[in-house]
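Beneath this line is the structure, given in structure tokens, with notes to follow.
Atom set for the values below is all heavy atoms of this structure, side chains included, hydrogens, waters and symmetry mates excluded. Atoms within a ligand are numbered from 1 in the order they appear, just like the ligands themselves.
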Amino acid sequence: MMLRRRGALGGARQGRKALAVPLCALAVILGPTGAAHAGTGGLTPVDQKSPNVERSTDIYYLILGFSGLIMLLVTVPLLIFIVRYRGRGRSREVEGAQIRGNTRLELAWTALPVLILAVIAGFVFYKVPGITDLEAEASGDSRLEIKVDGRQFYWQYRYPNDVIAIDTLRVPLGQVVELEIGAPESDVNHSFWIPALGGKFDAIPGETTRTSFRADEVGTYEGQCAEFCGVQHAAMLQAVEVMPRGEFETWLANEAGAQRRGASELGERTYQGACAKCHGMAGEGLIGPPLAGNSLLQDRDALEMIVRNGQGAMPAVGEGWEDRQMDALFRHLRRNVAGGSGAEDGS
Ligand code: HEC
Ligand SMILES: [Cu+2]
């Protein structure tokens with residue numbers, strides 16, 4: 001009597017245990033998607049602001065659809081089998097029916113994946129060309145070509161009229177912008193990524209990667225270097241600022257003049273992008289030594305040597321810079337960093 005009761009109880013407990021495992025697994029799988037949803041809109045890509053993003057988003061949804069279907073195809077029968085064929089207190093040694101082979105089933109699970117992969121591959125080949133090469137608008141607009149250099153740990157951009165920008169790239173609304181992305185030979189791999197405007201494109205030393213986008217809404221779209229590139233990789237942020245066409249043209253023309261005269265913010269931008277991530281915003285020191293009050297800032301030749309070639313753990317951040325950028329940086333250093341934190345109000 002006692003024995004039988006204990007056996008029956010054990011069986012019920014086993015059944016509940018068998019159910020607990022898949023339920024926990026489901027919670028583990030679904031938990032993070034809930035968190036992701038709260039943070040970023042869940043499984044959906046960021047809002048697209050350029051037509052090429054639409055193409056990669058279409059591919060994403062097709063693959064998401066198939067993988068969701070396959071997940072259900074596997075997990076639903078799994079749950080049914082777990083419940084339906086559970087132990088029910090049978091001894092562990094009892095064997096079930098021995099089934100060998102099912103030709104139809106085996107043909108189906110071979111042919112179906114081949115078919116699914118063929119559909120995905122066909123769709124991808126149809127969609128991909130338009131991602132890297134957007135057609136210029138029917139109006140016969142020319143493309144704006146911008147050279148992008150990934151550097152440790154900043155992005156340097158160069159416009160056709162030689163204007164230099166750092167980390168933040170300004171572009172006109174509604175015009176195709178073509179990026180030529182690279183990195184100096186002495187640098188490392190980086191990856192250009194503004195999710196709202198397109199996928200990741202690698203910046204590889206000595207090579208050029210091309211992509212284009214056409215922003216169709218004014219705004220600032222943020223991104224981050226997407227290739228782990230060294231100690232300050234996390235600080236290698238970037239942004240694209242989309243401006244109305246006229247405003248952009250005016251800015252670009254004015255900036256070219258200002259940079260030629262040495263009256264632009266190029267020095268400050270260069271300091272913030274290329275130096276401050278290691279030496280601190282006011283030169284107070286961070287992972288590099290403090291620059292504020294450092295007498296080296298008075299010695300242009302020695303300083304230029306360090307900036308162009310690097311020194312110890314400091315990369316050659318200024319390799320390949322034109323003199324006007326170096327001049328602008330030194331002017332900024334002398335005015336705003338050399339004297340320490342109080343330099344701006346002092347002499
Ligand atoms: C990746 C981080 C990093 C970046 C970016 C960086 N530095 Fe450095 N810098 C260092 C480190 C680390 C040292 C110490 C090098 C050593 O081992 O001697 C250093 C040293 C220096 C020194 C010598 C200080 C001394 O007293 O010996 C100067 C000057 C300097 N950096 C200026 C700059 C300037 C200007 C920039 C921007 C154009 C810059 N650094 C960008 C990390 C960095
Ligand atoms: Cu990087």
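- Residues passing the side-chain contact (heavy atoms from CB on, under 4.5 Å) test with Ala239, sequence neighbours excluded: Thr168, Thr220, Glu222.
- With hydrogens and angles disregarded, a donor-acceptor distance shorter than 3.5 Å links the side chain of Tyr159 to the backbone of Arg170.
- At a heavy-atom cutoff of 4.0 Å, ligand 1 is surrounded by Phe153, Ala274, Cys275, Cys278, His279, Ile287, Gly288, Pro289, Leu291, Asn294, Leu296, Leu303, Ile306, Val307, Gln311, Gly312, Ala313, Met314, Pro315, Val317, Trp321, Leu329.
- For the pair Leu329 and Cys275, the minimum side-chain heavy-atom distance is below 4.5 Å.
- With contacts defined as side-chain heavy-atom distances shorter than 4.5 Å, the pair Gln325/Thr270 qualifies.
- Partner of Glu178 under the side-chain hydrogen bond (donor to acceptor under 3.5 Å, both in side chains) criterion, chosen from Arg214, Arg143, Lys147: Arg143.
- Atoms of the protein (N, O or S only) found under 2.8 Å from the Cu ion (ligand 2) are His190 ND1, Cys225 SG, Cys229 SG, Met236 SD.
- Taking Ala316 as the reference, Glu319 meet the side-chain contact (heavy atoms from CB on, under 4.5 Å) condition, with sequence neighbours excluded.
- Between His190 and Trp155, the ring-plane angle classifies as perpendicular under the 30° and 60° cut-offs.
- Among Lys277, Gln238, Arg269, Gln272, the single residue meeting the side-chain hydrogen bond (donor to acceptor under 3.5 Å, both in side chains) criterion with Asp167 is Lys277.
- Of the candidates Val148, Thr209, Leu179, Thr209 is the only one forming a side chain to side chain contact (heavy atoms under 4.5 Å, CB included) with Phe201.
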